[in-house]
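A short write-up of the structure that comes next.
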Number of protein chains: 2
Amino acid sequence: MRLVVAACSVDYAGRLSAHLPPARRLIMLKADGCVAIHADGGAYKPLNWMNAPNRLVEGEGSWTVTNPAGETLTITITEVLSDTEWELGVDPGLQKDGVEAHLQVLLAEQPQAIEEGLVLVRREYPTDVGPVDLLCKAQDGTTVAVEIKRRGEIDGVEQLSRYVAFLDRDPRLRPVRGLLVAQQVKPQARILATVRGFAWREVDYDTLRGMESTTLRLF
Amino acid sequence: MRLVVAACSVDYAGRLSAHLPPARRLIMLKADGCVAIHADGGAYKPLNWMNAPNRLVEGEGSWTVTNPAGETLTITITEVLSDTEWELGVDPGLQKDGVEAHLQVLLAEQPQAIEEGLVLVRREYPTDVGPVDLLCKAQDGTTVAVEIKRRGEIDGVEQLSRYVAFLDRDPRLRPVRGLLVAQQVKPQARILATVRGFAWREVDYDTLRGMESTTLRLF
DNA sequence: GTGTATATCTCGGGG
DNA sequence: CCCCGAGGTATACAC
């Protein structure tokens, strides 16, 4: 990783045009070829950037970064305060826990935690309008399409609407109920879900994990 | 801005749990208090971060960053390769051109570019389900709700559906047509728009700009 | 502040 | 390769 602290102005020409007036900034050049221009604020997002793969041409007082799509980032440097390079090696990568994927796994393992008597048919059930998180059968034989979110918002209800409308056209599945499951279901999503005739349910991640370990102990 | 190149491991505990095994990385501490841990790849996004405002406690071989929500980032440092600080000052900020906002302005100025005889009623017409990009009247007196996107995708059609359904309940506006306008309308969006009874239209940004300058010359 | 929509989103998975 | 969905999304803007 090469770190250049410099007074510079920057121009990006690609999906849009963007210009940065002269100021002191950090120019970060990563080993994979991506370039980022950072100011001293504004969260982690750089002011300007170019993702790898890139071609970097270092001219006299001006660098030009070009990507295969023909987008360019032109950095005009007036003063270099520091220019260092560091060998960082390949990063072992981030280990995550707690995201929707894990919530989906937990609920797939114990659909009865969503609704009594619910049985899993298939996780990520494929349809022409996208994969349904969980396709289940209810105790009374009704098909239930379950949409899982960390936070249940309006777009989750829209997604569920598309799935249910599609599935309900299949005579082998009809009638199909929609069910929105989230750690937290926002008021607007509750209303829209109700209007669309869908049930919604809040679940607790830690409780589910506890139930999982209980299940593992019992069986 | 403080730049620390160090061998470290990192733990985040907050909305999820995330762990970074020991490796050499860049720790970027910005003047506004945000912290970002960068590896030597992976676009501009850091492996781990904490947005401002934060409280940073530098302990012996371990830093703890805490935010008001109680989330923590713990950086365990085993070896410091470099630790520098730079005064960058306040950045003058990025000047952009070409985003949806400008497309909206251009189309508001020349709705006839979307459809012959179309007249603007109001830009950002407010409804209970969000603002409609352009509310127009067609030549035959029909109300037309226009949703503008850079790329027309399925969620744009969903948005338009909500607007049209809402507007169509107003006797002064009924009947209301929906119209999706984008630089590029994706196949799935075309299908869904057609199914919902909406027209869609692709427009060229540069052509619109050209028409604008022509208009300015003529009038 | 909440809610809504955008982003040069980034990132990962599946066909 | 594109398409689609999720994100600790971040960010701006309106109510």
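Reckoned from all heavy atoms, side chains included, excluding hydrogens, waters and symmetry mates. In what follows, every chain begins at residue 1, and chains take the letters A, B, ... in the order their sequences are listed.
In the model, B/Arg123 has a side-chain atom that pairs as donor or acceptor with a side-chain atom of B/Gln104 under 3.5 Å. Looking only at atom types and distance, the side chain of A/Ser17 has no donor-acceptor partner in the side chain of B/Lys96 under 3.5 Å away. With 3.5 Å as the limit, one finds a donor-acceptor pair spanning the side chains of B/Lys149 and B/Gln159. B/His38 and B/Lys45 share no donor-acceptor pair across their side chains, judged by distance under 3.5 Å alone. Judged by distance alone, the side chains of B/Thr142 and B/Arg177 never bring a donor and an acceptor atom under 3.5 Å apart.
D/dG8 and C/dA5 have their P atoms separated by 22 Å, given to the nearest Å. Comparing the C1' positions of C/dT8 and D/dA14 gives a spacing of 25 Å, expressed to the nearest Å. For the C1' atom pair drawn from C/dT10 and C/dT6, the interatomic distance equals 14 Å after rounding to whole Å.
Residue B/Arg150 places its side chain closer to C/dA7 than to any other of C/dT6, C/dA7, D/dG5. Across D/dC3, C/dT10, C/dG3, the shortest atom-to-atom separation from the side chain of B/Ala43 is found for C/dT10.
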* To do: Report the C-alpha separation of B/Thr143 and B/Lys137 in whole Å, then their side-chain angles, then the decisive distance to 0.1 Å, and conclude whether the side-chain hydrogen bond (donor to acceptor under 3.5 Å, both in side chains) test is met.
  => CA-CA 5 Å; B/Thr143 304; B/Lys137 280 278 177 191; 3.3 Å; yes
* To do: Test A/Ile114 against A/Leu134 for side-chain contact (heavy atoms from CB on, under 4.5 Å), laying out the working first.
  => CA-CA 11 Å; A/Ile114 306 171; A/Leu134 301 183; 4.0 Å; yes
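OP1 or OP2 of C/dT10 sits under 4.0 Å from a side-chain N or O of A/Asn51. Taking only side-chain nitrogens and oxygens, B/Gln104 never comes nearer than 4.0 Å to OP1 or OP2 of C/dT6. When the side-chain nitrogen and oxygen atoms of B/Trp49 are compared with OP1 and OP2 of D/dA10, one or more of them lie within a distance under 4.0 Å. Between D/dC4 and A/Arg162, no contact under 4.0 Å exists linking OP1 or OP2 to a side-chain N or O. Residue A/Arg15 places at least one side-chain N or O under 4.0 Å from the OP1 or OP2 atom of C/dC9. The shortest distance between the side-chain N/O atoms of A/Lys45 and the OP1/OP2 oxygens of D/dT11 is not below 4.0 Å. Residue A/Gln159 has no polar side-chain atom (N or O) positioned under 4.0 Å from OP1 or OP2 of D/dC4. Look at A/Tyr163 and you won't find any side-chain N or O under 4.0 angstrom from OP1 or OP2 of D/dC4.
Closest-nucleotide positions on DNA chain D for B/Leu73 and A/Gly42 were compared, and the one nearer the 5' end corresponds to B/Leu73. Comparing A/Ala18 and A/Glu153 along DNA chain C, the residue whose closest nucleotide (by nearest heavy atom) sits nearer the 5' end is A/Glu153. Where B/Pro126 and B/Asn67 meet DNA chain D, the nucleotide closest to each residue was compared, and B/Asn67 sits on the side nearer the 5' end.
A/Gln188 comes within 4.0 angstrom of the backbone, heavy atoms only, and of no base. Among the heavy atoms of the strands, none lies under 4.0 Å from A/Met50. When heavy atoms are screened at a 4.0 angstrom cut-off, B/Asp155 is found touching no nucleic acid atom at all. The residue B/Glu147 sits close only to the backbone: its heavy atoms come under 4.0 Å of sugar-phosphate atoms, none of a base.
Between the CD atom of B/Glu158 and the C1' atom of D/dC4 there is a distance of 14 Å, rounded to whole Å. Distance A/Leu103 CG to D/dG5 C1': 15 Å, rounded to the nearest Å. Taking atom CG on B/Asn48 and atom C1' on D/dG7, their separation rounds to 14 Å, with Å as the unit. Atom P of nucleotide C/dA7 and atom CD1 of B/Ile148 are separated by 12 Å, given to the nearest angstrom. Atom C1' of nucleotide D/dC3 and atom CD1 of B/Ile191 are separated by 13 Å, given to the nearest angstrom. Atom-to-atom, CG of A/Leu160 to P of D/dC4 comes out at 18 Å; the value is rounded to the nearest Å. With rounding to whole Å, B/Gln183 atom CD is found 13 Å from C/dT8 atom P. Here the P atom of nucleotide D/dG5 and the CD atom of A/Glu124 are 11 Å apart, to the nearest Å.
Both geometric conditions, a ring-centre gap below 5.5 Å and a plane tilt below 30°, are not fulfilled together for B/Tyr44 over the base of C/dT10.
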